[in-house]
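One structure is given here, and the rest of the page talks about it.
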Amino acid sequence: MAEPVDAVYFADCAARSFFDQVANKWSVMILTILTEKPTRFNEFIRRLEGVTHKALTQALRRLERNGLIAREVLATSPVAVRYSITDLGRTLQAPFGAVYDWAIHHLHEIEQAREAYDARADR
(Lines give C-alpha, C1' and ligand atoms only; values in the text may rest on other atoms or scores of the structure.)
Protein backbone atom coordinates (compact mmCIF):
# COMPACT_ATOMS: atom_id res chain seq x y z
CA MET A 1 0.00 0.00 0.00
CA ALA A 2 1.45 3.35 -1.06
CA GLU A 3 1.89 6.08 1.51
CA PRO A 4 -0.36 9.10 1.05
CA VAL A 5 1.43 12.07 -0.46
CA ASP A 6 1.11 15.36 1.37
CA ALA A 7 -0.21 18.03 -1.00
CA VAL A 8 2.53 20.44 0.10
CA TYR A 9 4.99 18.33 -1.92
CA PHE A 10 3.03 18.65 -5.17
CA ALA A 11 4.73 20.82 -7.79
CA ASP A 12 1.66 23.02 -8.14
CA CYS A 13 1.12 23.57 -4.40
CA ALA A 14 0.65 27.28 -3.64
CA ALA A 15 2.77 27.05 -0.49
CA ARG A 16 5.62 25.43 -2.42
CA SER A 17 5.45 28.19 -5.01
CA PHE A 18 5.50 30.79 -2.24
CA PHE A 19 8.59 29.23 -0.64
CA ASP A 20 10.32 29.18 -4.00
CA GLN A 21 9.56 32.85 -4.61
CA VAL A 22 10.01 34.34 -1.15
CA ALA A 23 12.15 32.12 1.06
CA ASN A 24 15.52 33.07 -0.39
CA LYS A 25 18.33 35.24 0.89
CA TRP A 26 17.58 38.39 -1.10
CA SER A 27 13.87 38.38 -0.31
CA VAL A 28 14.48 37.86 3.39
CA MET A 29 17.08 40.64 3.45
CA ILE A 30 14.84 43.01 1.48
CA LEU A 31 11.95 42.43 3.86
CA THR A 32 14.25 42.94 6.84
CA ILE A 33 15.45 46.28 5.47
CA LEU A 34 11.90 47.37 4.74
CA THR A 35 10.84 46.73 8.33
CA GLU A 36 13.15 49.64 9.23
CA LYS A 37 11.81 52.14 6.68
CA PRO A 38 10.69 52.55 3.06
CA THR A 39 13.72 52.19 0.80
CA ARG A 40 14.74 53.20 -2.70
CA PHE A 41 16.28 50.80 -5.20
CA ASN A 42 19.79 52.28 -5.06
CA GLU A 43 19.81 52.11 -1.27
CA PHE A 44 19.14 48.36 -1.54
CA ILE A 45 22.09 48.10 -3.93
CA ARG A 46 24.34 49.88 -1.43
CA ARG A 47 23.19 47.86 1.58
CA LEU A 48 22.97 44.37 0.06
CA GLU A 49 26.57 43.53 -0.68
CA GLY A 50 26.81 41.14 -3.61
CA VAL A 51 23.30 41.62 -5.01
CA THR A 52 23.18 42.30 -8.73
CA HIS A 53 20.83 44.79 -10.35
CA LYS A 54 19.03 41.89 -12.05
CA ALA A 55 18.70 39.77 -8.88
CA LEU A 56 17.38 42.73 -6.89
CA THR A 57 14.87 43.66 -9.59
CA GLN A 58 13.61 40.08 -9.78
CA ALA A 59 13.32 39.74 -5.99
CA LEU A 60 11.45 43.05 -5.68
CA ARG A 61 9.01 42.03 -8.41
CA ARG A 62 8.35 38.66 -6.76
CA LEU A 63 7.73 40.29 -3.39
CA GLU A 64 5.40 42.87 -4.94
CA ARG A 65 3.54 40.18 -6.89
CA ASN A 66 3.00 38.21 -3.68
CA GLY A 67 1.64 41.28 -1.88
CA LEU A 68 4.52 41.58 0.58
CA ILE A 69 5.85 44.94 -0.58
CA ALA A 70 4.42 48.00 -2.31
CA ARG A 71 6.14 49.97 -5.07
CA GLU A 72 5.66 53.73 -5.30
CA VAL A 73 6.92 55.83 -8.21
CA LEU A 74 8.06 59.21 -6.92
CA ALA A 75 7.55 62.31 -9.04
CA THR A 76 11.15 63.47 -8.78
CA SER A 77 13.73 64.34 -11.38
CA PRO A 78 14.95 61.81 -12.25
CA VAL A 79 12.02 59.56 -11.41
CA ALA A 80 12.69 57.39 -8.36
CA VAL A 81 10.97 54.32 -6.94
CA ARG A 82 10.47 53.66 -3.25
CA TYR A 83 9.48 50.31 -1.77
CA SER A 84 7.67 49.73 1.50
CA ILE A 85 6.52 46.64 3.35
CA THR A 86 2.81 45.84 3.37
CA ASP A 87 0.78 44.67 6.34
CA LEU A 88 0.97 41.17 4.91
CA GLY A 89 4.75 41.45 4.61
CA ARG A 90 4.98 42.55 8.25
CA THR A 91 3.41 39.26 9.30
CA LEU A 92 6.66 37.59 8.21
CA GLN A 93 8.72 39.57 10.74
CA ALA A 94 8.21 37.04 13.54
CA PRO A 95 9.02 33.88 11.54
CA PHE A 96 11.96 35.45 9.68
CA GLY A 97 13.20 36.95 12.94
CA ALA A 98 13.04 33.53 14.57
CA VAL A 99 15.05 31.97 11.73
CA TYR A 100 17.61 34.80 11.94
CA ASP A 101 17.92 34.40 15.73
CA TRP A 102 18.29 30.64 15.31
CA ALA A 103 21.06 31.11 12.74
CA ILE A 104 22.96 33.55 14.98
CA HIS A 105 22.54 31.28 18.01
CA HIS A 106 23.78 28.18 16.11
CA LEU A 107 26.37 29.84 13.86
CA HIS A 108 29.31 28.24 15.68
CA GLU A 109 27.77 24.78 15.36
CA ILE A 110 27.02 25.35 11.67
CA GLU A 111 30.61 26.43 11.03
CA GLN A 112 31.93 23.35 12.87
CA ALA A 113 29.67 21.09 10.81
CA ARG A 114 30.88 22.70 7.58
CA GLU A 115 34.52 22.30 8.57
CA ALA A 116 33.98 18.64 9.48
CA TYR A 117 32.16 17.99 6.22
CA ASP A 118 34.87 19.73 4.17
CA ALA A 119 37.59 17.78 5.99
CA ARG A 120 35.84 14.50 5.12
CA ALA A 121 35.33 15.60 1.51
CA ASP A 122 39.03 16.46 1.13
CA ARG A 123 40.12 12.88 1.91
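Starting from 1, each residue takes its place in the sequence as its number.
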Take Y83 and T39 through the side chain to side chain contact (heavy atoms under 4.5 Å, CB included) test and state the conclusion after the steps.
CA-CA 5 Å; Y83 296 89; T39 305; 5.6 Å; no
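- A 4.5 Å side-chain heavy-atom check between V28 and F96 finds at least one atom pair inside the cut-off.
- Residues I33 and L48 form a side-chain contact, since some pair of their non-hydrogen atoms from C-beta on lies under 4.5 Å apart.
- Under the 4.5 Å side-chain contact rule for hydrophobic residues, Y100 and I30 do not share a cluster.
- The environment of CD in E49 is sparse: at most 12 heavy-atom neighbours from other residues, nucleotides or ligands sit within 6.0 Å.
- Atom CZ in R46 sits 6.0 Å away from atom CG in N42 (nearest 0.5 Å).
- For L74, the side chain to side chain contact (heavy atoms under 4.5 Å, CB included) criterion is met by R40, E72, T76, A80, R82, not counting sequence neighbours.
- Shown here is R61, whose CZ atom has no more than 12 heavy atoms of other residues, nucleotides or ligands within 6.0 Å.
- With hydrogens and angles left out, the side-chain atoms of E109 and H106 include a donor and acceptor closer than 3.5 Å.
- With sequence neighbours left out, the side chain to side chain contact (heavy atoms under 4.5 Å, CB included) criterion links V79 to V73.
- Between the CD atom of E115 and the CD1 atom of I110 there is a distance of 12.0 Å, given to the nearest 0.5 Å.
- No chain of hydrophobic side-chain contacts below 4.5 Å, direct or via other Ile, Leu, Val, Met, Phe, Trp or Tyr residues, connects I85 to V99.
- Side-chain contact between L60 and W26 is absent, with no heavy-atom pair separated by less than 4.5 Å.
- Formation of a donor-acceptor pair under 3.5 Å by the S27 side chain with backbone atoms of A59 is not found in this model.
- For D87, the CG atom counts as loosely surrounded, since its 6.0 Å shell holds 12 or fewer non-hydrogen atoms of other residues, nucleotides or ligands.
- Contact of the V81 side chain with the R71 side chain is registered, since non-hydrogen atoms from C-beta on lie closer than 4.5 Å.
- When all heavy atoms of H53 and I45 are compared, the pair lying nearest together is CA-CD1, 4.2 Å.
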List the steps and the verdict of side chain to side chain contact (heavy atoms under 4.5 Å, CB included) for F44 and L56.
CA-CA 8 Å; F44 282 121; L56 179 57; 3.5 Å; yes
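- Residues passing the side chain to side chain contact (heavy atoms under 4.5 Å, CB included) test with Q58, sequence neighbours excluded: K54, R62.
- Using a distance-only test at 3.5 Å, with no hydrogens or angles considered, a donor-acceptor pair links the side chain of T86 to the main chain of L68.
- Here the CD atom belonging to E64 is positioned 10.5 Å from the CG atom belonging to N66, to the nearest 0.5 angstrom.
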Start with the C-alpha distance between E43 and K37, add both sets of side-chain angles, then the distance that settles salt bridge (charged side-chain N to carboxylate O under 4.0 Å, His left out), and finish with yes or no.
CA-CA 11 Å; E43 187 176 350; K37 65 181 176 75; 2.7 Å; yes
